[in-house]
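Below is one structure, written out as structure tokens; the observations come after it.
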Amino acid sequence: MKVIIRDDAKSASVWAAHYIADKINAKAKTTDKPFVIGLCTGSTPIETYKELIALVKAGKVSFKNVISFNMDEYVGLPESHSESYHSFMHKYLFDQIDEPAGNIHILNGNAADLEKECADYEKAIVEAGGIDLFLGGIGEDGHIAFNEPFSSLNSRTRVVTLTEDTRIVNSRFFDNDVNKVPRQALSVGVATVTDSKEVVILAYGPKKARALRDAIEGPCSHVCTVSALQLHPAGTIVCDEAAIGECKLNSYKYFKAVEEAELP
Ligand code: GLP
């Protein structure tokens, strides 16, 4: 696991956007096959999306040959609802880049057959050639996508029940009324994420510090599902100083030294 630490969330977000753009461009140089990216929602990726939009507008990267799969969506929330992940993705990314509409995949939380929707999603990922890079955020409890604590680290796309904690945290998007937050979601599994060739996780601010400590220094455990990254050969955490704050000083120094020695 690599850990990239920046002074603040803004510079970490810019780093992540340029890293992703470089990966898209590098694949385009070697093959006509599309770059397949996994995408996340939440406040964390917004600045990275802003920077990617700027790079597209400046002609530095294009999403014309990119296929995307989003991580999750609430069950039963209309797609048109301002807090659906469909609305979020269009507002913060898709409406401002050149990715063809047919290349965008987001789970349908209103499908008549939710289990079929999830199974079809896994198939679509395989048919696209597998995910090259999965971009994720984390919940305060270390959940990745909506893989709450005790999700199997081998889990696949499925219907999940949200914890009360997650619903309380996410109630800030629903008039601070926890009763308005859906109780279930569709989510890619931990293994759907770790099957990707590369995983990049963003984590900013003190509220993520305990989850990051557990993910980096704790055991690989279903209690903190992002800790599955420990078993991935190409996992990178991109964080700010606040989010790394609960890790040991020696861990912090090591990650800084590795970046200095190995990264361009
Ligand atoms: C939700 C999403 C996660 C996201 C998390 C963190 O739970 N399902 O994918 O990582 O929120 O959100 P934020 O970035 O707003 O802290």
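Keep in mind the model is a prediction, meaning the values are calculated, not measured. In each ligand, atom 1 is the first atom listed, and ligand 1 is the first ligand listed.
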Donor-acceptor contact below 3.5 Å, side chain Ser87 vs main chain Glu79 =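 A pair under 3.5 Å: yes.
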Could you tell me whether a side-chain N or O of Asn70 sits under 3.5 Å from a main-chain N or O of Asp72, the two making a donor and an acceptor?
->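 Checked: no pair found.
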Any carboxylate oxygen within less than 4.0 angstrom of a Lys/Arg side-chain nitrogen, looking at [X] and [Y]?
X      : Y     : value
Lys50  : Glu47 : yes
Glu262 : Lys2  : yes
Asp22  : Lys27 : no
Asp132 : Lys23 : no

Quick one: nearest non-hydrogen protein atom to [atom], plus distance?
atom                    : value
atom 4 (C) of ligand 1  : Thr41 O, 4.0 Å
atom 12 (O) of ligand 1 : Gly42 CA, 3.9 Å
atom 14 (O) of ligand 1 : Thr44 OG1, 2.5 Å
atom 6 (C) of ligand 1  : Ile138 O, 3.3 Å
atom 7 (O) of ligand 1  : His143 NE2, 2.8 Å
atom 2 (C) of ligand 1  : Tyr85 OH, 3.7 Å

Under-4.0 Å heavy-atom contact with ligand 1, by part of [X] that carries it:
X      : result
Ser43  : both
Val169 : neither
Glu140 : neither
Ala145 : backbone

If the cut-off is 4.0 Å to any non-hydrogen atom of [X], which atoms of ligand 1 fall inside it?
X      : result
Asp72  : 2 (C), 8 (N), 9 (O)
Phe146 : 1 (C), 7 (O), 8 (N)
Gly137 : 10 (O)

Any heavy atom of Glu73 sitting closer than 4.0 Å to ligand 1?
->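 No heavy atom of Glu73 comes that close to ligand 1.
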For residues His81 and Phe174, establish whether the separation of their ring centroids is below 6.0 Å.
->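 That pair passes the under 6.0 Å test.
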Under 30°, 30 to 60°, or over 60°: which ring-plane class applies to Tyr92 and Phe88, parallel, tilted or perpendicular?
->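 Rings of Tyr92 and Phe88: tilted, 30 to 60°.
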Nearest to atom 16 (O) of ligand 1 by heavy atom, Lys207, Arg167, Lys208: which?
->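 Considering heavy atoms of Lys207, Arg167, Lys208, the nearest to atom 16 (O) of ligand 1 sits in Lys208.
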Do Ile37 and Ile67 come close enough that some side-chain heavy atom pair is under 4.5 Å?
->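 No, every pair of side-chain atoms sits at 4.5 Å or beyond.
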Please test Arg6 against Glu259 for salt bridge (Lys or Arg N to Asp or Glu O under 4.0 Å), starting from the C-alpha separation and ending with a verdict.
-> CA-CA 11 Å; Arg6 289 290 175 272; Glu259 186 184 347; 2.6 Å; yes
